[in-house]
Amino acid sequence: MSVIPEIIADKDELTAWRRDIHAHPELCYQENRTSDLVAKRLESFGIEVTRGIAKTGVVGTLKAGNGNRAIGLRADMDALPLHEKNEFSHRSRHDGKMHACGHDGHTTILLGAARYLAKTRNFDGTVHFIFQPAEEGGGGGRLMVEEGLFERFPVEAVYGLHNAARYPQGKFFTRPGPVMAASASFDLQVTGRGAHAARPESGHDAVVAAAHVVTALQSVVSRAISPFDTAVVSITQIHGGDAYNIIPEEVQIRGNCRSYRTEVMDRMEATIRRIAENTAAAHGATARLDFRRGYPPLINHARETEIACDAAALVVGEADVDRNGTPRMASEDFSYMLEARPGAFIFLGNGDGEGTCDVHNPRYDFNDEILPVGASYFARLVEMTLAKR
Ligand SMILES: [Zn+2]
Ligand SMILES: [Zn+2]
């Protein structure tokens, strides 16, 4: 039980790779430099490379022995549209772009595992190293699946990893079943009849109707969703009117929903529509809902979750693997890969010391200390599942 010594020996180099990627962040489907760097490194390890899946996506394929089993390991490569506030030397060179979700670390971890596995080949079968673009809102995971990822690179299971902000350094957690939420965004257009502020009786006040709609929507979760399910409806914007003496004709309400089950999301959508339309109608106004689904919930498969935790325990010990961790309300497009194939997503603590912040914060930075831990996890996962007979 330990981090793999050959990978620890590579730590300085892995750190340099990670900081180089951090300094050169690229947004959704623009990961040209990053994917080129990934492809060239994989080739230098003697790994067969396929480029251009989902635009900038890259798959590296490594075979050892004669076994016909195969697994997939996935990392994401994209950064966020955010202005970095860190001052260190590897800070973003590109204003308004930043690796604030640690995907620089995920890419480096998978490269580290690939290098070790290509060198040692202590397994029997095939590993596909999947480097996907556009996780942050662009659905790169979905596009890879749609472009035939698993038909071209068949796998019996696929595994992903995300760093966990403000979680103890080098500790793992995950759980079987739902581990990250589905998300949806919505617009509600409330339309009344405009009037002079002094003569409300001559119109239908869209502001008052919208205010009642916002209040009424607070009962969606408490009255329409089972207490055994998790759901969130948040109103995040209200816009309407631009004068003191005019009752506006239209008000825009915007919001966001989260759940761990598609059926719950269906029910939230239907309930929001019914409550908004009828509440607005009570005030002589109309409400029109535009409900847009984001990523589906990320559901870990039970058997593969156990395998993932076993591999993590080989690296950090059972005491530092929480096999029944708390799910996260954020969403992730690795969910599309887990809809297509069995597999599991695991979190690796980025550290919870003084001054640490959450992902998507302009001061976030991936912790280089966990690079060898993550790379060892993927390496052990391969050696364990595709064990030589
Ligand atoms: Zn993110
Ligand atoms: Zn992320």
Side-chain angles (χ1 to χ4, degrees), residues 18 21-22 24-31 34-35 38 54 56-57 73-86 92 94 96-111 130-144 158-167 172-174 178-185 232 236 256 258 294-300 308 325-338 343-352 356-368 370-371 373-374 377-378:
R18 204 283 298 175
I21 298 171
H22 188 92
H24 301 91
E26 296 172 303
L27 304 181
C28 286
Y29 297 119
Q30 297 165 13
E31 306 88 343
T34 313
S35 66
V38 163
T56 46
L73 308 176
R74 171 272 199 182
D76 41 13
M77 302 187 288
D78 59 318
L80 284 158
L82 192 66
H83 187 79
E84 179 155 12
K85 286 191 176 162
N86 291 312
S92 171
H94 306 306
K97 297 178 191 174
M98 179 191 172
H99 270 293
C101 203
H103 300 183
D104 48 345
H106 304 162
T107 298
T108 307
I109 281 173
L110 195 52
L111 284 172
I130 302 163
F131 293 86
Q132 78 149 77
E135 192 286 320
E136 299 286 1
R142 181 185 57 214
L143 192 58
M144 283 192 110
V158 62
Y159 295 89
L161 173 150
H162 205 291
N163 72 100
R166 295 192 293 178
Y167 193 81
F172 286 90
F173 76 90
T174 187
V179 67
M180 296 191 80
S183 78
S185 297
V232 180
T236 53
N256 193 266
R258 300 286 160 130
Y295 298 155
L298 192 152
I299 313 286
N300 272 341
T326 308
R328 301 231 151 172
M329 223 60 224
S331 62
E332 229 311 325
D333 79 346
F334 185 61
S335 50
Y336 292 105
M337 295 194 189
L338 291 188
F345 197 57
I346 201 165
F347 291 92
L348 171 57
N350 199 54
D352 59 352
T356 51
C357 60
D358 214 343
V359 289
H360 294 211
N361 182 294
R363 297 199 187 279
Y364 197 68
D365 193 32
F366 187 89
N367 181 352
D368 292 310
I370 64 171
L371 289 170
V373 182
Y377 159 72
F378 275 134

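FYI, side chains are in, hydrogens and waters are out, and symmetry mates aren't considered; it's all heavy atoms of this structure. First listed ligand is number 1; within each ligand, the first listed atom is number 1.
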Using the side-chain hydrogen bond (donor to acceptor under 3.5 Å, both in side chains) definition, which of the options N163, T356, D358 pairs with Y364?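 Result for side-chain hydrogen bond (donor to acceptor under 3.5 Å, both in side chains) with Y364: N163.
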Give every protein N, O or S atom lying under 2.8 Å from the Zn ion (ligand 2), naming each by residue and atom.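 You should have found C101 SG, H103 NE2, H162 NE2.
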What is the ring orientation for [X] with [Y], classed by angle as parallel under 30°, tilted 30 to 60°, or perpendicular over 60°?
X: Y377; Y: F172; result: tilted
X: F173; Y: Y167; result: tilted
X: H99; Y: H22; result: tilted

Electrostatic pair D333:R142 at N-O distance under 4.0 angstrom: no
Do the side chains of D365 and R18 get close enough for a salt bridge, i.e. N-O under 4.0 angstrom? yes
